[in-house]
Amino acid sequence: MSPNFLSVDGWIDVVSAIFMVVGASMSLGAAIGLLRFPDLLSRMHAATKPQVLGLFLLLASIGLQMRSWWVWPVLLVAWIFQLLTAPVSAHMVGRAGYRTKHLHRELLTSDDLEAVVQKAAGQTAAIQEAAVQEAAEKAAREDGFGDGSGR
Amino acid sequence: MMQAVLAVTAVIFSLAAAGAIIRIARGPSLLDRVLASDVLLGILGGALCVDMAVNRHLNNLMLVVGISVIGFIGSVTVARFVADRREQPNEP
(Lines give C-alpha, C1' and ligand atoms only; values in the text may rest on other atoms or scores of the structure.)
Protein backbone atom coordinates (compact mmCIF):
# COMPACT_ATOMS: atom_id res chain seq x y z
CA MET A 1 0.00 0.00 0.00
CA SER A 2 2.67 2.51 0.98
CA PRO A 3 5.11 3.33 -1.81
CA ASN A 4 8.64 2.04 -1.65
CA PHE A 5 10.69 5.25 -1.72
CA LEU A 6 13.94 3.50 -2.55
CA SER A 7 12.84 2.19 -5.95
CA VAL A 8 12.35 4.00 -9.23
CA ASP A 9 8.83 2.63 -9.54
CA GLY A 10 7.86 4.20 -6.23
CA TRP A 11 9.07 7.61 -7.37
CA ILE A 12 7.26 7.29 -10.71
CA ASP A 13 4.09 6.41 -8.79
CA VAL A 14 4.50 9.48 -6.59
CA VAL A 15 5.06 11.80 -9.55
CA SER A 16 2.10 10.46 -11.49
CA ALA A 17 -0.10 10.70 -8.39
CA ILE A 18 0.87 14.36 -8.01
CA PHE A 19 0.15 14.92 -11.72
CA MET A 20 -3.27 13.30 -11.38
CA VAL A 21 -4.28 15.34 -8.33
CA VAL A 22 -3.06 18.63 -9.86
CA GLY A 23 -4.71 17.83 -13.19
CA ALA A 24 -7.99 17.15 -11.44
CA SER A 25 -7.59 20.41 -9.51
CA MET A 26 -7.44 22.24 -12.86
CA SER A 27 -10.98 21.02 -13.53
CA LEU A 28 -12.05 22.21 -10.10
CA GLY A 29 -10.43 25.58 -10.76
CA ALA A 30 -12.31 25.89 -14.04
CA ALA A 31 -15.61 25.09 -12.30
CA ILE A 32 -14.92 27.65 -9.55
CA GLY A 33 -14.03 30.20 -12.21
CA LEU A 34 -17.25 29.45 -14.07
CA LEU A 35 -19.24 30.01 -10.91
CA ARG A 36 -17.52 33.12 -9.60
CA PHE A 37 -16.49 35.22 -12.60
CA PRO A 38 -18.92 37.96 -13.60
CA ASP A 39 -19.21 37.74 -17.38
CA LEU A 40 -18.62 35.48 -20.36
CA LEU A 41 -15.22 36.80 -21.39
CA SER A 42 -13.64 36.14 -17.98
CA ARG A 43 -15.35 32.75 -17.65
CA MET A 44 -13.86 31.83 -21.02
CA HIS A 45 -10.34 32.20 -19.60
CA ALA A 46 -11.09 29.79 -16.77
CA ALA A 47 -12.76 27.26 -19.04
CA THR A 48 -9.70 26.41 -21.13
CA LYS A 49 -7.60 25.47 -18.11
CA PRO A 50 -8.63 21.80 -17.70
CA GLN A 51 -8.54 21.28 -21.43
CA VAL A 52 -4.89 22.23 -21.87
CA LEU A 53 -2.82 21.95 -18.68
CA GLY A 54 -5.14 19.49 -16.91
CA LEU A 55 -5.27 17.15 -19.87
CA PHE A 56 -1.48 17.43 -20.27
CA LEU A 57 -0.88 16.40 -16.67
CA LEU A 58 -3.37 13.52 -16.85
CA LEU A 59 -1.96 12.20 -20.14
CA ALA A 60 1.55 12.46 -18.68
CA SER A 61 0.43 10.41 -15.68
CA ILE A 62 -0.95 7.77 -18.07
CA GLY A 63 2.39 7.71 -19.83
CA LEU A 64 4.23 7.36 -16.53
CA GLN A 65 1.98 4.57 -15.35
CA MET A 66 2.09 2.50 -18.55
CA ARG A 67 5.92 2.13 -18.27
CA SER A 68 6.44 1.79 -22.01
CA TRP A 69 7.77 4.23 -24.58
CA TRP A 70 5.38 3.60 -27.46
CA VAL A 71 2.42 5.24 -25.70
CA TRP A 72 4.08 8.67 -25.54
CA PRO A 73 3.58 9.61 -29.24
CA VAL A 74 -0.10 8.63 -29.03
CA LEU A 75 -0.59 10.75 -25.91
CA LEU A 76 1.32 13.62 -27.54
CA VAL A 77 -1.00 13.49 -30.57
CA ALA A 78 -4.07 13.60 -28.30
CA TRP A 79 -2.66 16.56 -26.37
CA ILE A 80 -1.57 18.52 -29.44
CA PHE A 81 -5.03 18.09 -30.93
CA GLN A 82 -6.57 19.54 -27.78
CA LEU A 83 -3.95 22.32 -27.78
CA LEU A 84 -4.97 23.27 -31.32
CA THR A 85 -8.73 23.14 -30.84
CA ALA A 86 -9.18 24.72 -27.38
CA PRO A 87 -8.04 28.27 -28.38
CA VAL A 88 -10.14 28.14 -31.56
CA SER A 89 -13.33 27.26 -29.72
CA ALA A 90 -12.59 29.82 -26.98
CA HIS A 91 -11.98 32.45 -29.66
CA MET A 92 -15.26 31.67 -31.41
CA VAL A 93 -17.21 31.76 -28.15
CA GLY A 94 -15.59 35.03 -27.13
CA ARG A 95 -16.25 36.58 -30.53
CA ALA A 96 -19.90 35.55 -30.43
CA GLY A 97 -20.12 36.86 -26.87
CA TYR A 98 -18.72 40.21 -27.97
CA ARG A 99 -21.10 40.43 -30.89
CA THR A 100 -24.12 39.55 -28.77
CA LYS A 101 -22.91 41.98 -26.04
CA HIS A 102 -22.51 39.42 -23.25
CA LEU A 103 -19.78 41.42 -21.58
CA HIS A 104 -19.33 44.05 -18.90
CA ARG A 105 -17.65 46.95 -20.63
CA GLU A 106 -16.60 48.58 -17.37
CA LEU A 107 -14.38 45.55 -16.63
CA LEU A 108 -12.35 45.87 -19.82
CA THR A 109 -9.02 47.65 -19.54
CA SER A 110 -8.69 47.97 -23.32
CA ASP A 111 -11.03 47.08 -26.15
CA ASP A 112 -9.00 46.34 -29.26
CA LEU A 113 -12.05 45.24 -31.21
CA GLU A 114 -13.92 48.52 -30.70
CA ALA A 115 -11.96 50.42 -33.39
CA VAL A 116 -12.41 47.60 -35.92
CA VAL A 117 -16.14 47.42 -35.24
CA GLN A 118 -16.49 51.19 -35.53
CA LYS A 119 -14.56 51.21 -38.82
CA ALA A 120 -16.68 48.36 -40.25
CA ALA A 121 -19.87 50.10 -39.09
CA GLY A 122 -18.69 53.33 -40.74
CA GLN A 123 -17.98 51.52 -44.00
CA THR A 124 -21.37 49.82 -43.89
CA ALA A 125 -23.09 53.15 -43.25
CA ALA A 126 -21.16 54.79 -46.13
CA ILE A 127 -22.12 51.96 -48.50
CA GLN A 128 -25.76 52.22 -47.49
CA GLU A 129 -25.70 56.00 -47.88
CA ALA A 130 -24.15 55.67 -51.35
CA ALA A 131 -26.79 53.11 -52.33
CA VAL A 132 -29.60 55.40 -51.14
CA GLN A 133 -28.10 58.35 -53.01
CA GLU A 134 -27.71 56.31 -56.18
CA ALA A 135 -31.31 55.13 -55.96
CA ALA A 136 -32.47 58.72 -55.53
CA GLU A 137 -30.44 59.86 -58.55
CA LYS A 138 -31.82 56.99 -60.61
CA ALA A 139 -35.37 57.85 -59.59
CA ALA A 140 -34.71 61.50 -60.52
CA ARG A 141 -33.35 60.47 -63.94
CA GLU A 142 -36.34 58.25 -64.60
CA ASP A 143 -38.63 61.07 -63.62
CA GLY A 144 -36.84 63.37 -66.06
CA PHE A 145 -37.11 60.94 -68.96
CA GLY A 146 -40.47 59.46 -68.16
CA ASP A 147 -43.89 60.99 -68.08
CA GLY A 148 -43.66 61.74 -64.37
CA SER A 149 -46.70 59.72 -63.44
CA GLY A 150 -44.49 57.53 -61.22
CA ARG A 151 -46.19 54.27 -62.17
CA MET B 1 -1.58 4.68 -2.84
CA MET B 2 -3.24 4.58 -6.27
CA GLN B 3 -6.60 3.83 -4.65
CA ALA B 4 -6.24 6.89 -2.42
CA VAL B 5 -5.37 9.03 -5.46
CA LEU B 6 -8.41 7.60 -7.24
CA ALA B 7 -10.66 8.58 -4.32
CA VAL B 8 -9.21 12.11 -4.09
CA THR B 9 -9.54 12.75 -7.82
CA ALA B 10 -13.08 11.30 -7.80
CA VAL B 11 -14.08 13.85 -5.13
CA ILE B 12 -12.39 16.71 -7.03
CA PHE B 13 -13.99 15.74 -10.36
CA SER B 14 -17.39 15.41 -8.69
CA LEU B 15 -17.16 18.91 -7.23
CA ALA B 16 -15.99 20.31 -10.57
CA ALA B 17 -18.81 18.57 -12.46
CA ALA B 18 -21.31 19.93 -9.92
CA GLY B 19 -20.00 23.45 -10.49
CA ALA B 20 -20.21 23.11 -14.27
CA ILE B 21 -23.76 21.71 -14.05
CA ILE B 22 -24.81 24.60 -11.80
CA ARG B 23 -23.43 27.01 -14.40
CA ILE B 24 -25.30 25.16 -17.17
CA ALA B 25 -28.52 25.47 -15.17
CA ARG B 26 -28.09 29.10 -14.11
CA GLY B 27 -26.06 30.54 -17.00
CA PRO B 28 -27.66 33.79 -18.12
CA SER B 29 -26.85 33.28 -21.80
CA LEU B 30 -26.62 30.43 -24.26
CA LEU B 31 -22.88 30.96 -24.63
CA ASP B 32 -22.35 30.49 -20.89
CA ARG B 33 -24.11 27.16 -21.12
CA VAL B 34 -22.03 26.11 -24.12
CA LEU B 35 -18.84 27.04 -22.27
CA ALA B 36 -19.92 25.14 -19.16
CA SER B 37 -20.85 22.05 -21.15
CA ASP B 38 -17.43 22.21 -22.80
CA VAL B 39 -15.88 22.24 -19.31
CA LEU B 40 -18.11 19.29 -18.37
CA LEU B 41 -16.80 17.35 -21.37
CA GLY B 42 -13.25 18.21 -20.29
CA ILE B 43 -14.00 16.90 -16.80
CA LEU B 44 -15.35 13.67 -18.31
CA GLY B 45 -12.20 13.25 -20.41
CA GLY B 46 -10.04 13.90 -17.36
CA ALA B 47 -11.92 11.29 -15.35
CA LEU B 48 -11.38 8.76 -18.14
CA CYS B 49 -7.66 9.64 -18.14
CA VAL B 50 -7.41 9.06 -14.38
CA ASP B 51 -9.18 5.72 -14.77
CA MET B 52 -6.70 4.69 -17.49
CA ALA B 53 -3.70 5.80 -15.42
CA VAL B 54 -4.79 4.05 -12.22
CA ASN B 55 -5.86 0.78 -13.85
CA ARG B 56 -3.05 0.85 -16.43
CA HIS B 57 -4.92 0.34 -19.67
CA LEU B 58 -5.46 2.42 -22.82
CA ASN B 59 -9.00 1.42 -23.73
CA ASN B 60 -10.48 4.90 -23.43
CA LEU B 61 -7.84 6.93 -25.27
CA MET B 62 -9.84 7.21 -28.50
CA LEU B 63 -12.88 8.12 -26.38
CA VAL B 64 -10.93 11.02 -24.83
CA VAL B 65 -9.94 12.28 -28.28
CA GLY B 66 -13.52 11.87 -29.50
CA ILE B 67 -14.84 13.82 -26.53
CA SER B 68 -12.50 16.70 -27.32
CA VAL B 69 -13.61 16.62 -30.98
CA ILE B 70 -17.27 16.74 -29.94
CA GLY B 71 -16.62 19.64 -27.56
CA PHE B 72 -14.75 21.60 -30.24
CA ILE B 73 -17.37 21.08 -32.96
CA GLY B 74 -20.24 21.83 -30.60
CA SER B 75 -18.74 25.05 -29.24
CA VAL B 76 -17.76 26.37 -32.66
CA THR B 77 -21.14 25.51 -34.19
CA VAL B 78 -23.19 27.15 -31.45
CA ALA B 79 -20.91 30.21 -31.39
CA ARG B 80 -21.19 30.50 -35.17
CA PHE B 81 -24.98 30.44 -35.25
CA VAL B 82 -25.88 32.20 -32.01
CA ALA B 83 -28.07 35.30 -32.33
CA ASP B 84 -29.06 38.01 -29.89
CA ARG B 85 -32.77 37.89 -29.11
CA ARG B 86 -32.85 39.90 -25.88
CA GLU B 87 -34.75 43.10 -25.30
CA GLN B 88 -32.11 44.93 -23.27
CA PRO B 89 -28.45 44.36 -24.11
CA ASN B 90 -26.95 44.23 -20.60
CA GLU B 91 -26.82 41.25 -18.29
CA PRO B 92 -28.65 41.56 -14.98
Side-chain angles (χ1 to χ4, degrees), chain A residues 1-3 13-14 16-17 19-21 23-35 38-40 43-44 46-51 54-55 58-59 61-67 71 74-75 77-78 81-82 85-86 88-97 99-104, chain B residues 1-6 8-13 15-20 22-23 26-32 34-36 38-39 41-43 45-50 52-58 61 64-65 68-69 71-76 78-84 86 89-91:
Chain A
M1 196 64 187
S2 67
D13 274 352
V14 169
S16 68
F19 276 11
M20 274 189 267
V21 172
S25 306
M26 288 294 146
S27 295
L28 187 61
I32 291 172
L34 280 181
L35 287 180
D39 64 343
L40 178 70
R43 280 175 204 144
M44 191 185 70
T48 47
K49 237 175 268 301
Q51 300 177 8
L55 192 71
L58 292 172
L59 290 174
S61 71
I62 292 175
L64 289 175
Q65 285 289 311
M66 290 302 286
R67 308 291 208 274
V71 295
V74 182
L75 301 174
V77 166
F81 180 76
Q82 185 71 301
T85 55
V88 175
S89 64
H91 173 86
M92 289 295 285
V93 169
R95 183 169 169 272
R99 287 162 73 100
T100 54
K101 299 182 181 60
H102 284 294
L103 74 164
H104 289 176
Chain B
M1 188 177 79
M2 280 301 135
Q3 296 306 312
V5 168
L6 189 61
V8 169
T9 51
V11 170
I12 294 174
F13 278 130
L15 289 175
I22 287 171
R23 180 48 75 189
R26 276 179 33 192
S29 70
L30 175 68
L31 290 167
D32 284 315
V34 169
L35 205 60
D38 205 5
V39 170
L41 278 176
I43 290 167
L48 288 172
C49 284
V50 168
M52 280 189 285
V54 170
N55 294 324
R56 296 193 184 180
H57 59 84
L58 287 174
L61 197 59
V64 171
V65 177
S68 66
V69 173
F72 171 67
I73 294 175
S75 303
V76 170
V78 175
R80 176 67 184 81
F81 291 110
V82 71
D84 198 9
R86 289 169 303 161
N90 277 325
E91 275 184 313

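Being a predicted model, the structure only gives us computed values, none of them experimental. All chains are named by letter (A, B, ...) in the order of the sequence lines, taking the proteins before the strands, and each is independently numbered beginning at 1.
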*asked:* Apply side-chain contact (heavy atoms from CB on, under 4.5 Å) to residues B/Leu61 and A/Leu59 and explain how you reach the verdict.
replied: CA-CA 9 Å; B/Leu61 197 59; A/Leu59 290 174; 4.2 Å; yes
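- B/Gly71 and B/Asp38 get closest at one heavy-atom pair: CA-OD1, 3.7 Å.
- With chain A as the partner, the residue from B/Val54, B/Leu31, B/Val76 showing the most heavy-atom pairs under 4.5 Å is B/Leu31.
- Most heavy-atom pairs under 4.5 Å with chain B: of the set A/His91, A/Met26, A/Met92, this distinction falls to A/Met92.
- When B/Ser68, B/Gly42, B/Ala53 are compared by the number of non-hydrogen pairs under 4.5 Å with chain A, B/Ala53 comes out ahead.
- Between A/Leu55 and B/Val64, the closest side-chain pair of non-hydrogen atoms falls below 4.5 Å.
- When heavy atoms are compared at a cutoff of 4.5 Å, A/Met44 approaches chain B by way of both its backbone and its side chain.
- Using a 4.5 Å cut-off on side-chain heavy atoms (C-beta onward), B/Arg23 and B/Pro28 make contact.
- Formation of a donor-acceptor pair under 3.5 Å by the A/Arg67 side chain with backbone atoms of A/Leu64 is found in this model.
- Between A/Gln82 and A/Gln51, the shortest heavy-atom distance links the atoms CG-O, 2.9 Å.
- Proximity to chain B is absent for every atom of A/Val77, based on heavy atoms less than 4.5 angstrom apart.
- Looking at B/Val69, the atoms closer than 4.5 Å to chain A (heavy atoms on both sides) sit in the backbone and in the side chain alike.
- Proximity to chain B involves both the backbone and the side chain of A/Leu35, based on heavy atoms less than 4.5 angstrom apart.
- When A/Gly23, A/Ala17, A/Ser25 are compared by the number of non-hydrogen pairs under 4.5 Å with chain B, A/Ala17 comes out ahead.
- For the pair B/Arg56/A/Ile62, no side-chain contact is recorded, criterion being any heavy-atom separation below 4.5 Å from C-beta on.
- In terms of heavy-atom pairs under 4.5 Å with chain B, the best-connected choice from A/Thr48, A/Leu58, A/Val93, A/Leu34 is A/Leu34.
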